[in-house]
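One structure, as structure tokens, below. Some questions next.
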Number of protein chains: 2
Amino acid sequence: MDKIIECVPNFSEGRDLENIEKIVDPFRGKDGVKLLDYQRDEDHNRMVVTVVGEPNQLATSMIEAMGVAIELIDMNKHEGQHPRMGAIDVVPFIPIRNVDMSEAINISKEVAQEAANKYELPIFLYEGSATIPERRNLALVRKGQFEGMPEKLKAPEWRPDFGPDTIHPTAGITAVGARMHLIAYNINLSTDNLEIANQIAKNVRHLSGGLRYCKAIGIELKDRSIVQVSMNMTDFTKTALYRVFELIRIEAKRYGVSIVGSEIIGLVPMAAMIDTAVYYLGIEAFSMDQVLESRIME
Amino acid sequence: MDKIIECVPNFSEGRDLENIEKIVDPFRGKDGVKLLDYQRDEDHNRMVVTVVGEPNQLATSMIEAMGVAIELIDMNKHEGQHPRMGAIDVVPFIPIRNVDMSEAINISKEVAQEAANKYELPIFLYEGSATIPERRNLALVRKGQFEGMPEKLKAPEWRPDFGPDTIHPTAGITAVGARMHLIAYNINLSTDNLEIANQIAKNVRHLSGGLRYCKAIGIELKDRSIVQVSMNMTDFTKTALYRVFELIRIEAKRYGVSIVGSEIIGLVPMAAMIDTAVYYLGIEAFSMDQVLESRIME
């Protein structure tokens, strides 16, 4: 695989194991497509799939999986704790290797258009693919959820980007877009004072004056009697892991606490880690082509 | 490729471009084998090939390339600045992914035995594969070079591990073994005083009391008016890059100088860089399976 895109579709099915297998099946045994993970949540009644592949093959498999989900999921009968608006709730495409954001956006639009035509499914483009600013934010797009969509779609500003301008009777509506890989990165502090974690989170996150691609909240790790700054790094190529780490170290000093460790939850692109190593070792003129595994994947 | 071994054979041909292409040809267009690089040196009259692959396919290609080199290279006519004892001078196998040292040793022995039988080529096992301590060190094994080998082999302690106990009339003798990936890692200092670089090199290298898997010398970078500790890290899994970096930072303080940067020459395994990032960010319980690209290569 020369070009690699990641796709992390969320399907509104987290309970029926047979249907779950049918939905992920189009990602199996295909050249140029690799299913990395799928995790269901019974309470959310939702499944998150992680799949990577060559852009075109990945797009083909994704459209196929959408067809299966539309056949198997009836949103009129769906209940679960997570906000949702469709059988295929959201389909983000993520550039990973030899692909830039504009190419991920193109693929997202191709998939959106083809799926809309093929299944008569209304689709919103969101995040990097959004055609109007209000649709960049998934929470705003999804507001009203499945039950509120028929009413929401009557407003001209919520006319879907592709497909009919009414919801699919059983599959609802879907958001398709492009974004960077999210890194779930948490930093543990040498205190059990949640106020300190909250204060530091406020200092480093974009929303309240911090780093552009960092979302952060303070949480308690009760079993360890410490607190944590829990973060989503939404674009590690622009807001590097080491930068938020060093900034939190500096902020923590103000409270007389220190960093006791950190954790990465789930998958992290190699480049985020290499970038960190290159920074701390002060390596001059390093190229990703020097990484043996990078050459193997060429 | 699930299991990956690297092989870096050195051939005694650095001038005849046609022959060079013929020698590397067995590494091309094979499933499970990927030719990453080949560099020739006219003065050394020598070529270094870097190839990776599944252990068995790599072994098969390597044996084939040895056959080509034996046909094309006549050591009686060979001259070059680099010490050498055979047409295929040395063949190191290096564990990279899902392969440990013992498996690399096994592959090296299989290749040595099969090539010895097929081509009537005497072979010494060296480094990790050496059967006696004196053969761990390639310089000792190669001592006497091609011209001195007929005499050297008369001594019972230099009886080859495989093949005839006399040299091949045109291809000489070959060393085959297993070792870890060498990382060429250099650290630049804020001084032009070579004595300081030499002193620090002495402090950190194994030979004179430093880190077990570190070789180091001081050199001058005249164009930049600074000096450098130039190193070979011979097992990054046991002597980590960050460890030698931090140790040199500490040693440099004694001379009132600091590290101004570092460089990695050539290829570096992903794990060496990830390990560095994990150390500096203090990441708890990190697994290489969390690296997206690592999962793609599975």
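Residue numbering restarts at 1 for every chain, and letters A, B, ... go by the order of the sequence lines.
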My understanding is that only residues two or more places apart in sequence, or in another chain, count here; which of them pass ring pair (Phe, Tyr, Trp, His ring centres under 6.0 Å) with B:Tyr242?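 For B:Tyr242 the ring pair (Phe, Tyr, Trp, His ring centres under 6.0 Å) partners, ignoring immediate neighbours, are B:Tyr279.
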Portion of B:Ile265 that has a non-hydrogen atom of chain A nearer than 4.5 angstrom: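 Contact with chain A involves the backbone of B:Ile265 alone.
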What is the minimum heavy-atom distance between B:Leu58 and B:Val33, and which atoms define it? N-CG2, 3.9 Å
Listed by chain and number, what are the ring pair (Phe, Tyr, Trp, His ring centres under 6.0 Å) partners of B:His181, not counting sequence neighbours? none
Count the heavy-atom pairs under 4.5 Å between each of A:Ile274, A:Ile259, A:Leu36, A:Thr50 and chain B, then report the option with the highest count. A:Leu36
May I ask you to say whether B:Asp289 pairs ionically with B:Arg295, meaning some side-chain N is under 4.0 Å from a carboxylate O?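 Result for this pair is no, no salt bridge flagged.
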Within residues 229-240 of chain A, residues adjacent to chain B where the heavy-atom gap is under 4.5 Å: none
Euclidean distance, A:Leu241 CG relative to A:Met273 CE, rounded to 0.5 Å: 7.5 Å
Electrostatic pair A:Arg97:A:Glu54 at N-O distance under 4.0 angstrom: no
Of the listed residues (A:Arg249, A:Glu263, A:Glu246, A:Met297), which shares the most heavy-atom pairs with chain B below a 4.5 Å separation?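 Winner by heavy-atom pair count: A:Met297.
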Where does B:Val291 contact chain A at under 4.5 Å (heavy atoms): side chain, backbone, both or neither? both
Distance alone, cut at 3.5 Å: any donor-acceptor contact between the side chains of B:Gln39 and B:Asp41? no
Per-residue contact mode, B:Asn188 against chain A (heavy atom under 4.5 angstrom):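 Contact with chain A involves the side chain of B:Asn188 alone.
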Check B:Glu284 with A:Arg224, please: is the shortest side-chain N to carboxylate O separation under 4.0 Å?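 So A:Arg224 pairs with B:Glu284 through a salt bridge.
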Between B:Tyr280 and chain A, with a heavy-atom cut-off of 4.5 Å, which part of the residue counts as in contact: side chain, backbone, both or neither?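 For B:Tyr280, heavy atoms of backbone and side chain both lie under 4.5 Å from chain A.
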Mind ranking A:Ala271, A:Gly282, A:Ala277, A:Ser262 by heavy-atom pairs under 4.5 Å with chain B and telling me who comes out on top?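 Max contact count across the listed options: A:Ser262.
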Quick check on B:Glu6 against chain A: is it the side chain, the backbone, both or neither that has a heavy atom closer than 4.5 Å?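 Only the side chain of B:Glu6 comes within 4.5 Å of chain A.
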Qualifying residues under ring pair (Phe, Tyr, Trp, His ring centres under 6.0 Å), relative to A:Tyr213, sequence neighbours excluded: none
